[in-house]
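Shown next, in structure tokens, is the structure this report addresses.
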Amino acid sequence: MNATATHAPAVQKEESMVIQKKMIAEHFETLAQAGQSRRKVVYTFVPGNLNELLLAFDLLPVHPEVNALQSGMRKLSGDYILEAEKQGHSEDVCTYVKCDIGMLKKGNIGPTGEPLPPPDLLLLSYTGCFTFMKWFELLRQEYGCPVVMLQIPYQADGRITAGQRDFVARQLREVVVPALEQLSGRTLDEDRLRELLASSARAEDDLVHVWESARHKPSPIDAYFGGVYYIGPIFTAFRGLPGCEDYYRSLRREVDFRIANGMGPTTPEGELRQQKYRIVVEGPPNWTSFREFWKIFHDEGVVMVASTYTKVGGLYEQGFRHDAAHPFESLAEYCLGCYTNRNLPSRVDLIAKYVEDYDADGILFNSIKSCNSFSAGQLMMLRELEKRTGRAGAFIESDLVDPRYFSAANIKNRLESYFQMLEARRAAA
Amino acid sequence: MDIAAIIDRCERLYRDLDLSHVHEWKQRTGGKAIGHMPVYVPREIIHAAGMLPVGIMGGGDDIEIIRGDAYFQSYICHIPRSTVELGLAGKFDVLDGMLFPAICDVIRNLSGMWQMMFPGKLVKYLDFPQTFNEVGRAFHRFEMAELALALETLSGIAATPERLNRAIALYNDNRRALAELYDLRAEHPQQVPTAELYLLLRAGNVLEVAEHTALVRAYMQQARRRQRALHDNVRVVVTGLFCEQPPLSMVRAMENSGCYIVDDDWVLGARYLLRDIPVGPRPLEAIADAYMTDTVATATRYVDGDDKGGYLVDQVRRRRAEGVIFAAASFCDPALLDRPMGQKALAEAGIPHTAFTYSENTGQVQVIKEQAGTFADSIKLWGAAA
Ligand code: SF4
Ligand code: SF4
């Protein structure tokens with residue numbers, strides 16, 4: 001899972017959005033021409049991705065989760081999932097996998113309408129989710145191409161140990177780099193890698209500024225619905241590139257402009273300046289009814305001031321930066337630090353901190369039906385958070401890309417009672 | 001003890017959700033006990049640190065879930081609910097620690113829940129390697145050394161090389177006895193009904209290893225002499241049940257449907273290693289290394305290369321099975337995502353198969369019996385699944 005949206009609903013266009021759109025269109029064009037240009041293609045997952053390393057070898061990354069969420073937003077995922085189920089996949093499993101396999105079975109047409117190139121290598125960055133492993137075992141059967149496994153240990157005790165960091169760094173040096181060298185036919189240029197990492201860190205600085213802007217009242221950003229656009233370049237194929245830096249610089253300028261003018265975030269329904277409630281969100285969004293979902297909150301004047309989903313590809317605001325001085329150690333730390341690679345107590349700690357830092361009124365859990373990585377244990381997290389923060393929590397269930405599991409009426413009802421509860425609490429305070 | 005008495009003892013242990021046997025053992029020996037979730041944990045190390053390893057496999061169909069449901073969303077397997085239910089009811093208070101092996105995100109997240117629910121207890125997540133190379137080996141050796149240290153600290157008993165070697169020998173012997181039991185069943189399925197074999201295996205979750213080995217051997221000795229008619233049943237391998245266990249009624253129903261189960265993957269942790277662990281000067285490393293090679297293939301273990309499903313096909317051939325039943329716990333991602341790959345390998349090898357899902361408290365055993373029966377009939381009639 002984990003990634004971002006590129007087909008934005010018809011929102012008011014800002015410079016950053018134009019940059020992002022252009023960047024993505026160019027990327028998919030390059031992918032469509034990979035066959036002719038003979039560039040090698042690597043499929044890999046978003047959390048803990050090694051974008052700088054792939055770029056250092058001039059390889060082209062494809063992220064299956066991004067394709068799945070794109071299919072969700074373009075209302076194609078329902079058919080893809082049915083196709084995969086027709087082929088024998090269970091109704092009970094992660095719908096991202098089924099959406100991807102269904103898309104493959106139906107011609108592997110990417111979001112721009114052109115076919116995606118098949119992978120020359122599957123880079124199994126096994127970070128924060130068990131399903132990734134099964135996903136690439138399945139794709140290996142479909143494509144018959146090699147797989148490189150990069151195992152990222154779990155932060156079971158809420159911290160990264162030296163042994164874990166060494167294990168990942170050693171795999172990078174001894175397994176991943178040789179495999180990429182073989183694939184690309186060139187040796188690793190460490191200076192190039194350092195340049196890319198330094199560029200990532202600059203973009204990361206700007207992104208942190210954007211996340212932290214939500215401390216303002218009114219918040220100039222929506223850190224969840226808007227946030228999924230903000231993570232687009234940095235979580236995927238662009239981290240390390242000048243275009244990515246441009247994007248975050250311009251995003252930062254826009255946010256600063258809104259702060260200076262007391263403005264709220266831009267939403268599909270217009271600017272959200274009258275902000276009644278500030279909420280922290282745990283869990284990924286629903287892509288098939290993304291805009292409908294967002295509107296429910298917009299209509300109530302709810303702004304999302306922080307979210308965990310936008311941290312699946314890195315918790316930069318907690319201090320992590322890619323570090324050109326220590327390329328492998330810093331890549332290792334990046335992989336280890338992703339949100340879903342943290343144990344439940346540290347996920348609770350982080351959300352509690354967000355509630356505090358962003359002065360939130362409540363906490364919303366969007367529990368994804370088919371995603372055990374996020375969802376197993378969320379009810380307990382919620383209870384723990386209510387106890388610790390004294391803020392009201394809401395729990396709804398939906399799915400990332402399976403439209404059968406988005407019940408608009410149910411979700412609306414539940415949220416309406418939640419908003420009433422927030423209202424009552426405020427009145428009582 | 002005759003067979004009936006042995007099986008009766010095993011069934012009592014199986015139904016004993018209060019873990020009274022563990023209470024007794026602790027009282028008798030003054031030792032500590034460590035719980036562990038499926039699939040595999042190195043019980044040798046727990047034993048060498050002077051403690052009793054206790055396999056926890058949910059609550060079966062004997063408990064009503066009251067509190068467990070409040071901890072989990074709707075779309076999830078059943079075993080974490082019943083495990084939490086039992087934990088909150090104090091049934092695991094007798095355990096001095098709990099180990100959570102890395103088999104899926106549910107067990108992984110459960111380890112964090114356990115940390116929050118039982119802050120005073122040893123809670124350890126075992127991050128088994130999925131990288132079967134030298135880098136993975138070094139990591140795994142390190143992890144096993146850390147586990148040993150944590151266990152020694154808890155028990156106050158050092159897992160010295162001597163103690164580890166002794167534990168290795170005992171567990172090697174246990175695995176040999178279980179392998180013999182499986183061979184005996186495959187050879188003479190009428191002598192070893194699967195429900196009995198299953199209960200014997202489950203007894204190994206709580207009994208001390210030597211006692212369990214002796215019990216298995218005593219059973220086999222008598223089972224070999226048994227006079228029972230061989231029915232015209234279809235020989236099947238059952239796969240996908242490595243974690244959440246089916247209720248005993250379902251095990252019986254499958255067997256009464258015209259199938260002889262000649263291999264399976266329940267309580268797989270006890271049979272995870274295919275060869276003896278060598279005793280020697282570096283036993284801890286030997287335990288770690290055994291995990292890296294010479295093990296069963298299962299959905300929770302990454303298969304490098306393109307031999308996905310090869311192990312299952314071999315298993316069918318080795319056991320002269322005629323078909324495969326994929327039985328998976330509902331919402332079990334590892335088993336269900338693995339299934340299409342196993343099915344593909346079987347289809348290529350021309351081996352018939354069928355599939356269903358269950359949960360540990362499933363009441364629908366009649367439906368499952370009918371499905372298994374239809375599958376058996378179709379093999380008898382046409383030699384392939386209809
Ligand atoms: S289980 Fe969740 S994190 Fe894993 S691939 Fe599926 S949606 Fe992504
Ligand atoms: S039944 Fe499957 S999904 Fe559930 S805990 Fe066990 S392995 Fe994980």
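Fair warning: this is a prediction, and the values are worked out from it, not measured in the lab.
- Both the backbone and the side chain of A:Glu137 come within contact range of chain B, with heavy atoms under 4.5 Å apart.
- Using a cut-off of 4.0 Å between Lys/Arg side-chain N and Asp/Glu carboxylate O, B:Asp306 and A:Arg140 are scored as not salt-bridged.
- Contacts with chain A were tallied for B:Glu146, B:Lys308, B:Glu143, B:Lys124; B:Lys308 has the most, counting heavy-atom pairs under 4.5 Å.
- Heavy-atom distances place both the backbone and the side chain of A:Asn372 under 4.5 Å from chain B.
- The pair A:Arg383-A:Glu386 fails the salt-bridge criterion, with no side-chain N (NZ, NE, NH1 or NH2) lying under 4.0 Å from an Asp/Glu carboxylate O.
- Note that B:Arg301 lies in the cation-pi zone of B:Tyr291, set by a 6.0 Å cut-off to the ring centre and a 45° limit from the axis.
- For the options A:Glu397, A:Gln164, A:Glu174, heavy-atom pairs under 4.5 Å to chain B are most numerous at A:Glu397.
- Side-chain polar atoms of A:Gln378 and A:Glu282 form a donor-acceptor pair below 3.5 angstrom.
- Of the two parts of A:Thr131, the backbone and the side chain both hold a non-hydrogen atom closer than 4.5 Å to a non-hydrogen atom of chain B.
- For chain B, the option among A:Arg347, A:His89, A:Gln141, A:Met381 with the highest count of heavy-atom pairs below 4.5 Å is A:Gln141.
- For chain A, the nearby part of B:Ile103 is the backbone; its heavy atoms alone come within less than 4.5 Å.
- Side-chain N/O atoms of A:Asn341 and A:Thr127 include no donor and acceptor closer than 3.5 Å.
- Salt bridge status for B:Lys344 with B:Glu348: present, with a side-chain N to carboxylate O gap under 4.0 Å.
- Under 4.0 Å is where a charged nitrogen must lie from a carboxylate oxygen, and between A:Asp349 and A:Arg388 at least one such pair does.
- Neither the backbone nor the side chain of A:Leu382 comes within contact range of chain B, judged by heavy atoms closer than 4.5 Å.
- When A:Ser346, A:Pro345, A:Ser367 are compared by the number of non-hydrogen pairs under 4.5 Å with chain B, A:Pro345 comes out ahead.
- Among B:Tyr75, B:Phe72, B:Phe100, the residue making the largest number of heavy-atom pairs under 4.5 Å with chain A is B:Tyr75.
- Neither the backbone nor the side chain of B:Phe326 comes within less than 4.5 Å of any heavy atom in chain A.
- The pair B:Glu285-B:Arg141 meets the salt-bridge criterion, with a side-chain N (NZ, NE, NH1 or NH2) lying under 4.0 Å from an Asp/Glu carboxylate O.
- Side chains of B:Trp114 and B:Tyr125: no donor on one and acceptor on the other come within 3.5 Å.
- Contact of B:Gln130 with chain A is made through backbone and side chain together, with heavy-atom distances under 4.5 Å.
- Of the listed residues (A:Ser375, A:Gly163, A:Pro146), the greatest number of heavy-atom pairs within a distance under 4.5 Å of chain B belongs to A:Ser375.
- Using a 4.5 Å cut-off between heavy atoms, B:Ala328 does not touch chain A at all.
- For the options B:Val123, B:Ile76, B:Thr131, B:Leu110, heavy-atom pairs under 4.5 Å to chain A are most numerous at B:Thr131.
- There is no contact between B:Val84 and chain A, counting heavy-atom distances below 4.5 Å.
- Using modelled atom types, one finds a donor on one side chain and an acceptor on the other under 3.5 Å when comparing A:Thr95 with A:Ser370.
- Both the backbone and the side chain of B:Ala299 come within contact range of chain A, each with at least one heavy atom under 4.5 Å from a heavy atom of that chain.
- Side-chain N/O atoms of B:Glu244 and B:His78 include no donor and acceptor closer than 3.5 Å.
- Ion pairing of A:Arg173 with A:Glu329 is present here, as a side-chain N (NZ or NE/NH1/NH2) and a carboxylate O approach within less than 4.0 Å.
- Highest contact tally toward chain A, considering only B:Val135, B:Asp127, B:Asn133, B:Val303, is held by B:Val135 [criterion: heavy-atom pairs under 4.5 Å].
- Proximity to chain B (any heavy atom under 4.5 Å) is restricted, for A:Glu384, to the side chain, taken from C-beta onward.
- Side chain to side chain, B:Ser111 and A:Asn343 fail the donor-acceptor criterion of an N or O pair below 3.5 Å.
- Using a cut-off of 4.0 Å between Lys/Arg side-chain N and Asp/Glu carboxylate O, A:Glu91 and A:Lys98 are scored as not salt-bridged.
- Interface residue A:Arg170: backbone and side-chain heavy atoms are both found under 4.5 Å from chain B.
- For B:Pro80, no part lies under 4.5 angstrom from a heavy atom of chain A.
- Looking only at heavy-atom pairs under 4.5 Å with chain A, the residue among B:Asp304, B:Asp338, B:Leu337 that has the most is B:Leu337.
- Ranked by heavy-atom pairs shorter than 4.5 Å toward chain A, the options B:Cys77, B:Ala355, B:Cys104, B:Gly305 are led by B:Gly305.
- With a 4.5 Å cut-off on non-hydrogen atoms, A:Gln171 touches chain B through its backbone and its side chain both.
- Classification of the B:Phe128-B:His140 ring pair by plane angle, with boundaries at 30° and 60°, yields tilted.
- Only the side chain of A:Tyr405 has a heavy atom closer than 4.5 Å to any heavy atom of chain B.
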